[in-house]
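The structure appears right after this line, and notes come after that.
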Amino acid sequence: MSTLLDGLNPNQREAVTTLEGPLLIVAGPGSGKTRVIVHRIAYLVREAGVSPYRICAVTFTNRAAREMLERLQRLLGAQAEHLTCGTFHAFCAGILRREGKAIGLASSFTIYDEEDQRAVLKRAVEEAGFDPKRYNLSTIHHAISGAKARLLGPEGYQAHAHTYLEQVIAQVYQRYQTLLTQSQAVDFDDLLLLTYQLFRDHPQVLHKYQERYLHLLIDEFQDTNPAQYALAKQVAGKWRNICVVGDPDQSIYSWRHADIRNILDFRKDFPDCKIVYLEENYRSTPPILQAAEGVISANTQRIAKRLVPVRTGGAPIVLHEAYNEDEEASWVAGEIERLVRSGVARYRHCVVLYRTHAQSRALEEAFLRHGIPYRVVGAIRFYRRREVKDLLAYLRLLVNPADTISLQRVVNTPPRGIGQKAQDALLRHAQTLGKAPAEVLLQEGEGIPLSGPPLSALRRFADLLRRLTPLAHSLDLVALMDIVLEETGYKEWLLAQEDGEARWENLVELRGLASEFKDLPPPQGLLTFLERVSLVSEQDELEGQQDVVTLLTLHQAKGLEFPVVFLVGLEEGVLPHYRSLDTPEEIEEERRLLYVGMTRAQERLYLLRAFRRHLAGGSQPTLPSRFLQDLPPQVVRGAPPAQARPTPPPTPSKAPPPPFKTGDRVRHARFGEGLVVAISPSGNEHEVTVQFDLAGVKRLLYPIAPLERVG
DNA sequence: GTACTACTGATTTTT
DNA sequence: TCAGTAGTAC
Ligand SMILES: Nc1ncnc2c1ncn2[C@@H]1O[C@H](COP(=O)(O)OP(=O)(O)OP(=O)(O)O)[C@@H](O)[C@H]1O
């Protein structure tokens with residue numbers, strides 16, 4: 001009966017059995033946070049008699065959601081199916097599908113991925129009258145995404161736009177949003193923002209969900225953004241049974257606008273909240289935990305937490321310095337071989353973690369040489385492959401003719417003689433009619449200012465669309481895919497391409513994935529499939545069964561645990577990454593990334609660095625990561641720590657004072673231009689506080705940060 | 001309109 | 001080092 005509480009310590013029990021009111025759980029890695037969420041849900045259902053239908057659990061990744069559901073299925077059986085369990089994005093997508101009408105969004109709306117968003121953005125920049133080459137699309141995209149994460153629509157952003165660049169962005173944002181709306185499409189951030197606005201402006205819709213969700217639970221709360229927190233407050237507004245779980249030291253997504261201040265705000269917004277601390281670590285051996293503590297305690301912007309290992313004994317951390325990345329990889333491969341041969345571990349117990357995907361290459365080569373089975377959770381995601389996106393674009397277009405980006409993608413793929421000029425004519429014509437281009441084609445297609453071969457090519461394409469569109473509503477998904485591939489000539493064309501066979505295989509695989517949805521009634525199967533494809537990424541498919549070594553980025557490793565962990569590339573420029581060296585905040589986040597990586601390990605932890613590494617062309621000498629200095633020597637075996645602490649980065653003993661003063665305008669390679677607010681000496685450097693036009697206030701170390709005076 | 005070549009420019013992390 | 005693009009030739 002109370003087996004649910006048996007495997008829990010007193011604090012965990014308290015967190016599981018405190019059912020009423022707001023609850024904040026703050027705890028370090030391996031302290032059982034996720035376990036508490038799972039058991040709390042099971043307890044709510046089994047002991048408190050709460051209907052699973054009335055519980056909503058939010059996770060950080062789809063994979064985490066699936067794992068949580070699997071664990072709950074074991075505890076609750078079939079009842080678990082009625083739980084709502086997913087990421088904020090998936091949760092919002094579902095709400096918008098059902099309730100979007102209220103804000104003018106058709107239930108067949110399309111979710112644009114990064115690439116699609118960029119295409120829209122480029123067009124928005126042009127249409128707003130700016131030269132897309134003069135503005136960095138990534139900067140603008142990041143700014144718009146940041147605005148949305150802070151719940152600012154175009155008008156709201158405009159109101160805060162002071163500098164010229166911000167004004168430009170405000171106009172582009174406005175245009176970008178119009179284009180999305182016209183295409184009945186949303187980007188990732190819109191999923192959150194639009195749901196928030198829907199709830200805000202349509203109380204009757206909000207009430208429905210407020211009433212339903214008696215309990216809301218949020219995992220990895222330290223990596224939520226303001227929009228997500230606002231949504232959580234809306235949904236929990238009626239019952240106020242909101243339970244959030246997080247660890248500020250594991251916050252590693254601030255670049256995606258996550259904000260740890262949500263934890264502080266939670267205490268302010270719910271002053272009656274109960275706070276539970278979990279202070280026992282069940283995962284790692286004491287040396288691993290001690291080493292990780294050593295690293296994280298060097299962060300200044302942090303509140304120390306107690307974290308006591310439950311386990312005893314344990315091997316010391318192994319530090320290894322290799323000559324270059326190839327030898328680093330070989331060493332890892334050799335060590336894994338040794339562990340497996342001696343029966344200490346199996347392949348599937350080992351994981352190799354790195355800062356960037358590019359680092360996986362040397363490892364893969366070494367594993368191939370050594371005949372070690374492995375799996376990389378890659379950067380080139382399956383669903384982003386050209387041929388996969390082409391087919392998906394055809395499918396999207398059939399359910400959402402307003403989707404102009406998809407139309408542009410497929411209208412001349414395979415080549416049909418509809419070039420840039422014909423496409424422009426169609427787009428312009430549609431614009432004057434106030435309709436979507438594909439709708440113009442579907443309806444009559446007359447009046448397009450074209451003649452001759454381009455016009456007949458366009459007419460043939462219109463016929464194709466007219467033939468295929470009704471099939472989306474009558475055929476099952478797999479049959480539909482087959483017909484589309486045949487009728488569009490895509491299959492034939494693809495197979496005639498250079499690497500056509502291999503790319504065709506990807507479509508066969510996609511078809512296999514789609515078969516899961518083939519039994520849903522016609523348009524539903526397609527809609528569900530398209531949504532899944534937009535929200536699910538490859539690492540969500542991480543299956544634990546096969547006996548292979550796993551290769552992951554540090555970000556992907558969040559929330560996982562492995563008996564044996566190898567962390568490679570512990571060098572200045574790699575970890576901390578050279579693109580994250582400019583502000584103390586960025587460097588602290590890099591340090592947290594290392595902390596997250598180290599605390600994945602249960603039994604054995606290896607830290608590696610290479611003396612030389614391939615960067616931008618040639619092989620270059622490296623310096624050991626500054627974070628290695630903070631490893632307590634008594635828990636480390638391997639290269640003497642003294643070696644790991646030559647002078648911190650390339651700082652000459654006395655740096656020159658900055659050639660600017662408070663009030664001057666300066667330029668930074670990444671943050672753009674801004675105003676110097678303060679300068680103060682800091683060690684050998686000067687800490688310069690700059691109010692950037694776009695990037696906000698940053699503290700930078702001159703001359704480490706590339707700042708130059710302008711004007 | 002299409003296909004190829006030569007050049008440029010920029011290099012993190014992802015729901 | 002390489003990928004994406006702009007420009008050119010057919
Ligand atoms: N009371 C307990 N008794 C035994 N094992 C426990 C207990 N609590 C947690 N564990 C184990 O500790 C490990 C870590 O738990 P869990 O993944 O829930 O921690 P977490 O706090 O979510 O970690 P992280 O923040 O690093 O993701 C798991 O293997 C879990 O089974």
Side-chain angles (χ1 to χ4, degrees), chain A residues 58-65 86-93 111-115 117-118 122 132-133 136-138 141-142 145 148-149 186-192 220 223-225 227-228 251-258 353-361 377-381 383-384 386 411-424 450 452-454 457-458 497-498 531-540 552-558 569 573-582 586 589-590 592-594 596-597 613-620 669-670:
Chain A
V58 183
T59 58
F60 191 73
T61 61
N62 296 294
R63 185 203 66 229
T87 62
F88 272 106
H89 291 86
F91 178 71
C92 291
I111 301 170
Y112 278 170
D113 70 16
E114 204 94 347
E115 190 187 346
Q117 291 168 33
R118 263 187 109 80
K122 188 159 174 229
K133 271 171 281 178
N136 184 323
L137 286 187
S138 308
H141 190 250
H142 190 252
S145 164
K148 289 180 175 179
V186 303
D187 63 21
F188 275 114
D189 304 297
D190 280 338
L191 290 171
L192 309 172
E220 308 279 12
D223 276 321
T224 53
N225 68 31
Q228 292 168 329
S251 143
I252 52 176
Y253 281 90
S254 73
W255 51 273
R256 228 174 60 188
H257 313 111
L353 304 178
Y354 37 79
R355 176 66 233 262
T356 68
H357 287 294
Q359 291 172 259
S360 70
R361 193 161 164 174
V377 179
I380 335 108
R381 309 237 256 272
Y383 296 117
R384 305 285 153 84
R386 214 166 47 219
V411 69
N412 204 30
T413 318
R416 300 190 168 91
I418 306 171
Q420 201 55 56
K421 266 177 113 174
Q423 290 181 36
D424 286 346
L450 280 173
L458 215 46
Q497 299 297 299
E498 174 97 43
E531 176 168 318
R532 173 79 74 89
V533 161
S534 308
L535 296 176
V536 168
S537 55
E538 202 175 322
Q539 58 263 30
D540 293 324
L552 297 172
T553 66
L554 287 162
H555 284 90
Q556 294 170 332
K558 174 173 162 132
V574 178
L575 187 68
H577 196 271
Y578 74 106
R579 300 273 294 182
S580 300
L581 288 175
D582 293 315
E586 285 181 327
E589 184 151 315
E590 294 291 298
R592 290 196 292 272
L593 209 39
L594 175 57
V596 168
R613 185 169 295 272
H614 252 63
L615 295 165
S619 168
Q620 292 177 3
R670 277 177 56 216

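Lettering follows sequence order; numbering is per chain, from 1. Because the structure is a prediction, the values reported are computed rather than measured. All values below come from the heavy atoms of this structure, side chains included, with hydrogens, waters and symmetry mates left out.
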Distance check needed: [N] [atom2] versus [X] [atom1], whole Å only.
| X | N | atom1 | atom2 | value |
| --- | --- | --- | --- | --- |
| A:Ile252 | B:dT14 | CD1 | P | 9 Å |
| A:Gln359 | C:dT1 | CD | C1' | 16 Å |
| A:Leu137 | C:dT5 | CG | C1' | 13 Å |
| A:His577 | B:dT12 | NE2 | C1' | 5 Å |
| A:Arg592 | B:dT13 | CZ | C1' | 13 Å |
| A:Gln117 | B:dT15 | CD | P | 13 Å |
| A:Leu458 | B:dG1 | CG | C1' | 14 Å |
| A:Asp582 | B:dT12 | CG | P | 14 Å |

[Y] backbone acceptor or donor facing [X] side chain under 3.5 Å:
| X | Y | result |
| --- | --- | --- |
| A:Gln228 | A:Phe88 | no |
| A:Asp223 | A:Tyr253 | yes |
| A:Gln556 | A:Leu552 | no |
| A:Glu590 | A:Leu581 | no |
| A:Arg355 | A:Leu575 | no |

Among the candidates [options], find the nucleotide nearest to the side-chain atoms of [X].
| X | options | answer |
| --- | --- | --- |
| A:His357 | C:dT1, B:dT15, B:dT13 | B:dT13 |
| A:His555 | C:dT1, B:dT15, B:dT13 | B:dT13 |
| A:Arg579 | B:dT15, B:dT12, B:dT13 | B:dT12 |
| A:Thr356 | B:dT14, C:dT1, B:dT12 | B:dT12 |
| A:Arg355 | B:dT15, C:dC2, B:dT13 | B:dT13 |
| A:Tyr578 | C:dC2, B:dT11, B:dT15 | B:dT11 |

Quiz prompt | Cationic N near anionic O, under 4.0 Å, A:Glu589 to A:Arg592 | solution =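 Yes, this pair counts.
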Quiz item: Mapping A:Phe60 and A:Asn136 to their closest nucleotides on DNA chain B, which lands nearer the 5' end?
Solution: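 The residue closer to the strand's 5' end, by nearest nucleotide, is A:Asn136.
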Quiz prompt | Below 4.0 Å: OP1/OP2 of B:dT13 and any side-chain N or O of A:Gln556 | solution =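 No, A:Gln556 has no side-chain N/O under 4.0 Å of OP1/OP2 on B:dT13.
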Quiz item: Would you say a side-chain N or O of A:Ser580 is under 4.0 Å from OP1 or OP2 of B:dT13?
Solution: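 The answer is no; no side-chain N or O of A:Ser580 sits under 4.0 Å from OP1 or OP2.
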Exercise. Applying side chain to side chain donor-acceptor pair (under 3.5 Å), name anything that partners A:Arg613, two or more places apart in sequence or on another chain.
Key: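 Testing A:Arg613 for side chain to side chain donor-acceptor pair (under 3.5 Å), a comparison that skips the adjacent residues, returns A:Glu328, A:Glu571.
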Listing time: all N or O pairs from protein to nucleotides 2-5 of chain B that are below 3.5 Å?
unit_1: B:dT2; atom_1: OP1; unit_2: A:Gly417; atom_2: N; d: 2.9
unit_1: B:dT2; atom_1: OP2; unit_2: A:Asn412; atom_2: ND2; d: 2.9

Quiz item: Residues two or more places apart in sequence or in another chain: which of them pass side chain to side chain contact (heavy atoms under 4.5 Å, CB included) with A:Thr87?
Solution: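 If we apply the side chain to side chain contact (heavy atoms under 4.5 Å, CB included) test to A:Thr87, skipping adjacent residues, the hits are A:Thr59, A:Asn62, A:His89, A:Ala90.
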Self-check item: Separation of the P atoms in B:dT13 and C:dG4, to the nearest angstrom
Solution: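 15 Å, rounded to whole Å.
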Self-check item: Aromatic stack A:Phe88/B:dT15: centroid gap under 5.5 Å, interplanar angle under 30°
Solution: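 A:Phe88 ring does not meet the centre or angle cut-off for B:dT15; no stack.
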